[in-house]
A.B. asks: 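Once you've had a glance at the structure underneath, I'll fire off some questions.
Note on naming: letters A, B, ... go to the chains in the order of the sequence lines (proteins, then strands), and numbering restarts at 1 for each one.
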Number of protein chains: 2
Amino acid sequence: MKRGALAKATGSNIETIRYYEKIGLLPEPERTASGHRLYSLDDEKRLKFILRCRELGFSIAELRELLGLVDTDDYTCGDVLAISKQHTHDIERKIADLKRLKRTLDQMSAECSGDAVPECPLVDALFE
Amino acid sequence: MKRGALAKATGSNIETIRYYEKIGLLPEPERTASGHRLYSLDDEKRLKFILRCRELGFSIAELRELLGLVDTDDYTCGDVLAISKQHTHDIERKIADLKRLKRTLDQMSAECSGDAVPECPLVDALFE
DNA sequence: CATACATCCTGTAGCAACTACAGGATCAAG
DNA sequence: CTTGATCCTGTAGTTGCTACAGGATGTATG
C-alpha cells in the first residue's frame, strides 16, 4: 500500500510517516518503479505501534529502545533484561497513576448527581 | 518558594514553568516586591500533576480540559459527566495497552534464559 | 561597604516532534 | 486526451518545550 493508504489505515498524519522514516523509527520502504513508497502489513503494524506508544507517553528515545528489542540481533540477554526491567517498571508506575486518575474521575462523576458540581481533587490524585 | 526551588521540587525544567504560565496551565503566581515569582504548595501540586500527566501521554489540550474540572465553576454536571466519561474511557484503553506491553516484556524476559535472545513480539502486542 | 556568585527577571532564539505547503511528477478514471 | 487525486522532494511553520543573553536582585564573605 502507498503512503496515503497507510496514513488512513493507521490514523496517522501522512507527513508523519515520512518524518518517522527520516528519524529511523520506520524502515525505508520498498518503492515502485516510479519512486512511490510501498508499505507492507508489517510496516502498518509498526506504525500503529509507534503511534499508540506516543499516545501512551513514550518518548521517541524510549521508542528507539523498545524497537531496538524488535529489530536488532546485537542485544545480549543481559541487555534485554535491563531494558525490559526499566520499561516494565515505568509501565507499572504509569498504570498505577492512570488508575488513580480514573478513580478520581469516577468518584467525581458519582458525586455529580444534581446541579451542584463537586470540587475536583484531580490534582491531589497524583500528589504523593 | 521561588521558581528555581519549584523546578527542583518538581523535577521540572525551570523555563517550562514560565512556559506553562504563559499558556495558562499554571496561574500567574504572587510576586515579591522586587518582582520575583512566589509559588505556593498548591502551585507545586499543580505543576507536578501537569508534568506527570504529560508523561502519561495527555496532551496540553487534554490537560486544559482536566484542569478545567478543577478550576472552573462554570461547568454543569452534564459537562462534568461528559468530560469525565471521555477521559475515563481513554484512560481505560491506555491501561489496557500498557498492560499488554508489560506482559510482552515480561514474557520476553522470562524467555531470556541464556545467550539466545528471543524474538520480540512487541509490535504485535498492540495490533488488533 | 565592596565583591563574588547564585538566582531571578524578561525577551528572544533554538531544538524536538511533528505538520503543512509548494511545485512538479505519477496514476487512475472518464 | 483531460482531469483530479495522489505521490515525490524539500522547505517552512506550529506546538511544546528548552536554552541563552543581558541586566537586576539576593546572599554570603571579607
A.B. asks: Between B:Arg18 and C:dT12, is there a contact of a side-chain N or O with OP1 or OP2 at under 4.0 Å?
C.D. replies: no
A.B. asks: Given atom CD of A:Glu28 and atom C1' of D:dT9, what is their separation to the nearest angstrom?
C.D. replies: 13 Å
A.B. asks: Between B:Ala61 and B:Asn13, which is nearer to the 5' end of DNA chain D once each is assigned its nearest nucleotide?
C.D. replies: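 Comparing both residues, the 5'-ward one is B:Ala61.
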A.B. asks: Say whether B:His87 and B:Glu65, considering side chains only, have a donor N or O and an acceptor N or O under 3.5 Å apart.
C.D. replies: yes
A.B. asks: Take atom NZ of B:Lys22 and atom P of D:dT14, then tell me their distance rounded to the nearest Å.
C.D. replies: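 These atoms are roughly 13 Å apart.
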A.B. asks: Any chance you could lay out the side chain to side chain contact (heavy atoms under 4.5 Å, CB included) test for A:Leu63 and A:Phe49, step after step, and finish with the verdict?
C.D. replies: CA-CA 9 Å; A:Leu63 268 169; A:Phe49 177 78; 4.0 Å; yes
A.B. asks: Is the phosphate of C:dC8, meaning OP1 or OP2, less than 4.0 Å from a side-chain N or O of B:Arg37?
C.D. replies: no
A.B. asks: If we count only N and O atoms by modelled type, under 3.5 Å, do the side chains of B:Asp79 and B:Thr76 hold a donor and an acceptor together?
C.D. replies: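 There is such a pair (donor and acceptor under 3.5 Å, judged by atom type) between the side chains of B:Asp79 and B:Thr76.
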A.B. asks: Using whole Å, report how far CG of B:Leu6 lies from P of C:dC8.
C.D. replies: 10 Å
A.B. asks: When the distance from OH of B:Tyr19 to P of D:dT18 is rounded to whole Å, what number comes out?
C.D. replies: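 My rounded result for the distance is 10 Å.
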A.B. asks: Can a side chain N or O of B:Arg3 be found less than 4.0 Å away from OP1 or OP2 on D:dT25?
C.D. replies: no
A.B. asks: So, is A:Thr16 near the phosphate of C:dC18, with a side-chain N or O under 4.0 Å from OP1 or OP2?
C.D. replies: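 For A:Thr16, the contact criterion (side-chain N or O under 4.0 Å from OP1 or OP2 of C:dC18) is not met.
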A.B. asks: Just the rounded figure in Å: distance from P of D:dT15 to CZ of A:Arg54.
C.D. replies: 17 Å
A.B. asks: Rounded to the nearest angstrom, tell me the gap between atom CG in B:Leu25 and atom P in D:dG16.
C.D. replies: 9 Å
A.B. asks: Taking atom P of D:dT25 as reference, at what distance in whole Å does atom NE2 of B:His36 sit?
C.D. replies: 7 Å
A.B. asks: Minimum heavy-atom separation for A:Arg37 to A:Arg18, with atom names?
C.D. replies: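 Heavy-atom minimum between the residues: NH2-CD, 3.7 Å.
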A.B. asks: Check the phosphate of C:dC18 against A:Tyr20, side-chain N and O only, distance under 4.0 Å to OP1 or OP2. Yes or no?
C.D. replies: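 Checking C:dC18 against A:Tyr20, a side-chain N or O does come within under 4.0 Å of OP1 or OP2.
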A.B. asks: What is the distance, to the nearest angstrom, from the CG atom on B:Leu51 to the P atom on D:dT18?
C.D. replies: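 About 9 Å, once rounded to whole Å.
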A.B. asks: Under 4.0 Å, counting only non-hydrogen atoms across every strand here, what does A:Ile14 touch: a base, just sugar-phosphate, or nothing?
C.D. replies: sugar-phosphate
A.B. asks: Report yes if a side-chain nitrogen or oxygen of A:Ser34 is closer than 4.0 Å to either non-bridging phosphate oxygen (OP1 or OP2) of C:dA25; otherwise report no.
C.D. replies: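 No, because none of the side-chain N or O atoms of A:Ser34 sits under 4.0 Å from OP1 or OP2 of C:dA25.
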A.B. asks: Kindly point out which of D:dC17, C:dT10, C:dT19 is positioned nearest to the side chain of A:Glu15?
C.D. replies: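 My answer, after comparing the listed nucleotides, is C:dT19.
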A.B. asks: Report whether B:Ile14 and B:Leu47 are members of the same hydrophobic cluster (ILVMFWY, side-chain heavy atoms less than 4.5 Å apart, transitive linking).
C.D. replies: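 Looking at the clustering, B:Leu47 is in a separate group from B:Ile14.
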